[in-house]
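Here the structure is laid out as structure tokens; the discussion comes afterwards.
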Protein chains: 2
Amino acid sequence: MGRKTTITDVARAAGVSKGLVSFALNDRPGVSPDTRDRILDVARELDYRPSLSARSLSTRTSYALGLVIARDPEILGADPFFPSFIAGVERVLSAEGRALVLSVVGDDAHEQTVYRTFASDARVDGMFLTDLRHDDPRIPLLQSLGMPAVTLGDPDARHAARASADDAGRTAHPYPSVVLDDTAGVVELAHHLAGLGHRRIAHVIGPRRMMHATRRDAAFAGALAEAGCPAPIVVETDFTAAEGAAATGRLLDLAEPPTAIVFGNDPMAIAGIGIAHERGLQVPRELSVAGFDDSELARYVFPSVTSVRSDPLVWGEQAARTLLQLIATGASDDVELPPARLVTRASTGPAPTP
Amino acid sequence: MGRKTTITDVARAAGVSKGLVSFALNDRPGVSPDTRDRILDVARELDYRPSLSARSLSTRTSYALGLVIARDPEILGADPFFPSFIAGVERVLSAEGRALVLSVVGDDAHEQTVYRTFASDARVDGMFLTDLRHDDPRIPLLQSLGMPAVTLGDPDARHAARASADDAGRTAHPYPSVVLDDTAGVVELAHHLAGLGHRRIAHVIGPRRMMHATRRDAAFAGALAEAGCPAPIVVETDFTAAEGAAATGRLLDLAEPPTAIVFGNDPMAIAGIGIAHERGLQVPRELSVAGFDDSELARYVFPSVTSVRSDPLVWGEQAARTLLQLIATGASDDVELPPARLVTRASTGPAPTP
DNA sequence: GAGCCAAACTATACCGGTTTAGTCGTCCCC
DNA sequence: GGGGACGACTAAACCGGTATAGTTTGGCTC
């Protein structure tokens, strides 16, 4: 079987130089319409496909984007966020002939190495920054590596700056962000629970070093205060169902256990319901439970789980689009997605009367 | 800031030709020990890293492996198999300086395109074939594209051939396979349920076109027959919690509903428990439920779910190793992993007495 | 009709590696 | 001491594109 057809084959068949073929294919000026058409015809006929590696070498572009996930494999499996996010990214990339290079790392040290390797190998043209952390070290790292990136959420914690007098004074972050305001849904949830008469409420959040954990914590506590409720009991976890279950156990062991528990993701909420049932508590009659992300399973457990719907798929799509634009034009605006909304289901109900 | 150091820089600094540097770095014969050491020293000092794209171009190797997942994003999120599998693959690849290129596609037509594109762009050096189908069209496709691959499970359905007289006569499959015998766990499960006195048993399986679905179906039915039980009621689903729930509903509506339901994955099992509870049925007192894969959540719902533990992480590791070996040496043996084992938990119990 | 300019096209130098053909020197052997 | 073999190394071709400098062609101007 013959070799793959190269640009030289096309040039020879069309009777022109290979430089001109390159021009025609990347439709750049300097090619007469007739010639261009002829070249394109020949290329199609020979089923010519430019070699990615040759192109990468001369353009210093890899036509791929990178995603490094720094979570324990175990958690990754339980949390539906990333698969959906990836699917959204893919939807955009595959249409553009680009690929997604994925890396899953356990520890932070290894994480740095992967970012460095991706950059120095020029394996990707840009990266997605998820699970943003406070003063995220990856931002200066990527900046020093000259690697374009897009962040999921605003690395400057604009919500905090908003309260301060000098909003304009905040540090401009170097990368465009795609923001999905999760606090909106959390606030709705706080009002929902307060409205149901709950006063002793617990908030089981993800790792504090991740911005979304503290951001939601602040939003939830703030909204409860506004509604005249006491501050929630906050428990930090690593997002695993195991820690969600453990946290629930500890909360229910308190002298005055909460009447409602809000979890940072759905798997933890489902595990929480499991613990409650194990102890013979009725949900929501004796304990209300809510989750986050609104995964498929939330609808199908018993009772179905009240959750805050963030849309990882759309988030992925938009992040991919933003990153591609940044790479192509050198600049890209921040994008604000529709805020997360509360989805009320059967796991939340009126607070039990004492 | 200066350009990246290239092989020419190293050659100049070491006072040799760049060809020799290449030899030294890929430790090939024809370089004197002294010179080799000197070159390596210089390379280290200059922090030289070969350009991936340049190397790709001249060696026709991309140093990346590909995984195409043909599942609906929604299902992907619910099923923890892939994230764990990917984490396992990554563990091996990152140590080898290779990357994983991922693609998530919804429909089959698009699937073909992605395989073709990966091949014609030479974006990957080999591919993982998961969710093997009967007479899987991807095998001849990849073969015709000259793309190395490794299959998860045996595409020849050896378990069927085993029964036939002429075992040697079966078609030799072109790709090495990494087999994790899931039937062992399914058989254990059948005996477990039969031993508990269950007679009316349902099996909610995944899509029939996937080999593992029919394989497990056959194994389960066979083991039940052996144990003197009637044939199970089989329901085909798409692996979503939604269809798992729907199937459960239909089964419980039967005039003689099953006393035990076995599901093809854990999310469906959890959804099944949800439906049972919704109808006021006690699990396992009135209905026993079992899942598959033994995901984290299975341990933490109420009641905890009896499941068959397949080990996606190990599967991913081994598949990566096998594929790398195939690519490097041109041949690789099939690998047999420890079989899946039953994990008994609280969701299965004695059959209710009529 | 000489002079000029732009458009269309060619030739060639890259990109940064690998690989092959060829050069040089040294040791060995008869 | 001449010839062959071998080890160490260099020069240059090559992978398949893109980018740039240079050449041809045709039309327009005065």
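Chain identifiers are assigned alphabetically (A, B, ...) following the order of the sequence lines, protein sequences preceding nucleic acid strands; residue numbering begins at 1 within each chain. Predicted model only: the values in this text are computed from it and were never measured. Scope of the values below: all heavy atoms of this structure, side chains included, with no hydrogens, waters or symmetry mates.
Ring orientation note: the planes of B:F81 and B:F85 are close to parallel, at an angle under 30° on the 30°/60° scale.
When the nucleotides D:dG16, C:dA8, D:dT18 are ranked by their closest atom to the side chain of A:R55, D:dT18 comes out on top. Proximity note for A:S51 (side chain, C-beta onward) versus D:dG17, C:dG16, D:dT18: the nearest is D:dG17.
Put simply, CG on B:L57 is 17 Å from P on C:dC14, counting in whole angstrom units. Following rounding to the nearest Å, B:I39 (CD1) and D:dT10 (P) show an atom-to-atom distance of 8 Å. B:L46 has its CG atom 15 Å from the P atom of C:dG16, to the nearest Å. One interatomic measurement links the two molecules: CG of B:L25 to P of C:dT18, which rounds to 7 Å at whole-angstrom precision. Across the protein-nucleic acid pair, A:Y48 atom OH and D:dT18 atom C1' stand 10 Å apart, rounded to whole Å. Distance A:L52 CG to D:dT18 P: 11 Å, rounded to the nearest Å. What separates CZ of A:R49 from P of D:dG17 is a distance of 12 Å, to the nearest Å.
In this structure, the separation between CG on A:D131 and CZ on A:R209 is 8.5 Å, given to the nearest 0.5 Å.
Under the 4.0 Å criterion applied to side-chain N and carboxylate O atoms, A:R38 and A:D41 are not assigned as salt-bridge partners. Using a 4.0 Å cut-off between charged side-chain N and carboxylate O, B:R133 and B:E111 make a salt bridge.
For the residue pair B:S53/B:S56, the side-chain donor-acceptor check at 3.5 Å is not satisfied. Between the side chains of B:T61 and B:D125, not a single donor N or O lies within less than 3.5 Å of an accepting N or O.
For the segment residues 6-24 of chain A, the set of residues with a heavy atom within less than 4.0 Å of an atom of DNA chain C comprises A:G15, A:V16, A:S17, A:L20, in numerical order.
Backbone-only contact: B:R28 has heavy atoms under 4.0 Å from sugar-phosphate atoms and none from a base. Using a 4.0 Å heavy-atom criterion, one finds that A:T35 contacts the sugar-phosphate atoms exclusively.
Each end of the helix from C:dG1-D:dC30 to C:dC30-D:dG1 gets its own axis, taken as the rotation carrying the C1' atoms of four end pairs onto the next four within a five-pair window, and the two axes meet at 60° to the nearest 10 degrees.
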